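Everything on this sheet refers to the single structure shown next.
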Amino acid sequence: NGISMVEAPAPKVGVAVFLLRGKTVLLGRRRSTGVGDTKFSLPSGHLEFGLESFEECAARELKEETGLDIEKIEFLTVTNNLFLNEVKPSHYVAIFLRAYSRDSLQEPENLEPTKCDGWDWYERDNLPKPLFLPVQKMVKDGLNPFPIID
Ligand SMILES: CC(C)CCOP(=O)(O)OP(=O)(O)O
Ligand SMILES: [Mg+2]
Ligand SMILES: [Mg+2]
Ligand SMILES: [Mg+2]
């Protein structure tokens, strides 16, 4: 019948990192033609096809975006994020990890100024606004990325 069955696009996988330093976490205001433009978000990036583990993706994206080398990378949670009302509709499964900078005194650099306005450290109870939706949802749901030091 010649009707072309165009495949629906598959959801993409994003990896986002809560990079912790003392009581603070690294956030930057996104500049994106994709999702989350002008929103404050964690350093994050696309999991590249067939190449890397979640941890390897996190370390690569952190190095690309901030120049920092990270360690003690741990899985935190995963969320399903629909951005169907955006200019370019998208659907991301977001893998959230926690990590620390190998050199805790090293400051992040803004290596992709067209995609981020700059990085800064924020206390959990004093996060900047507006937060990128997946991060906002997590904070609202009460996820605490900081280790519980009993
Ligand atoms: C939306 C997000 C969870 C995944 C995509 O992140 P990103 O747009 O920062 O992607 P890149 O850093 O790979 O360009
Ligand atoms: Mg990136
Ligand atoms: Mg990338
Ligand atoms: Mg990114």
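Predicted model only: the values in this text are computed from it and were never measured. Counting convention: from 1, in listed order, for ligands and their atoms alike.
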Any N/O/S atom, backbone or side chain, of Glu65 lying under 2.8 Å from the Mg ion (ligand 4)? yes

Closer than 3.5 angstrom, by distance alone: can the side chain of Trp119 be matched with the main-chain N or O of Glu65 as a donor-acceptor pair? yes

Which of the numbered atoms in ligand 1 are below 4.0 angstrom from a heavy atom of Val35? 1 (C)

Has ligand 1 got any nitrogen or oxygen that is less than 3.5 angstrom from a nitrogen or oxygen of Glu65? yes

Between the main-chain N or O of Val17 and the side-chain N or O of Arg98, is there a donor-acceptor pair closer than 3.5 Å? no

Have a look at Glu112, Arg30, His46, Arg60 and point out the one with the heavy atom closest to atom 13 (O) of ligand 1. His46

Nearest protein heavy-atom contact for atom 14 (O) of ligand 1: which residue, which atom, what distance? Lys115 NZ, 2.7 Å

Donor-acceptor check, side chain of Thr24 to backbone of Arg21, threshold 3.5 angstrom: yes or no? yes

Backbone N/O of Tyr92 and side chain of Asn81: donor-acceptor pair under 3.5 Å: yes

Within less than 4.0 angstrom of ligand 1, does Ser44 place any heavy atom? yes

Under 2.8 Å from the Mg ion (ligand 4), is there an N/O/S atom belonging to Ser32? no

Please give the atom name: the N, O or S atom of Glu61 nearest to the Mg ion (ligand 3). OE2

Side chain Asp103, main chain Leu105, donor-acceptor under 3.5 Å: yes

Let me check your reading of the structure: within less than 2.8 Å of the Mg ion (ligand 3), is there an N/O/S atom from Glu64? no

Determine whether more than 12 heavy atoms belonging to other residues, nucleotides or ligands lie under 6.0 Å from atom OH of Tyr100. yes

Side chain, backbone, both or neither: which applies to Glu64 and ligand 1 if a contact is any heavy-atom pair less than 4.0 Å apart? neither

Relative to ligand 1, is Lys12 under 4.0 angstrom through side chain, backbone, both or neither, heavy atoms considered? neither

So, Glu56 side chain and Ser53 main chain: donor-acceptor pair closer than 3.5 Å or not? yes

At a 4.0 Å threshold, what atoms of ligand 1 neighbour a non-hydrogen atom of Gly14? 4 (C)

With no hydrogens and no angle check, is any side-chain donor or acceptor of Arg30 less than 3.5 Å from a backbone partner on Val35? yes

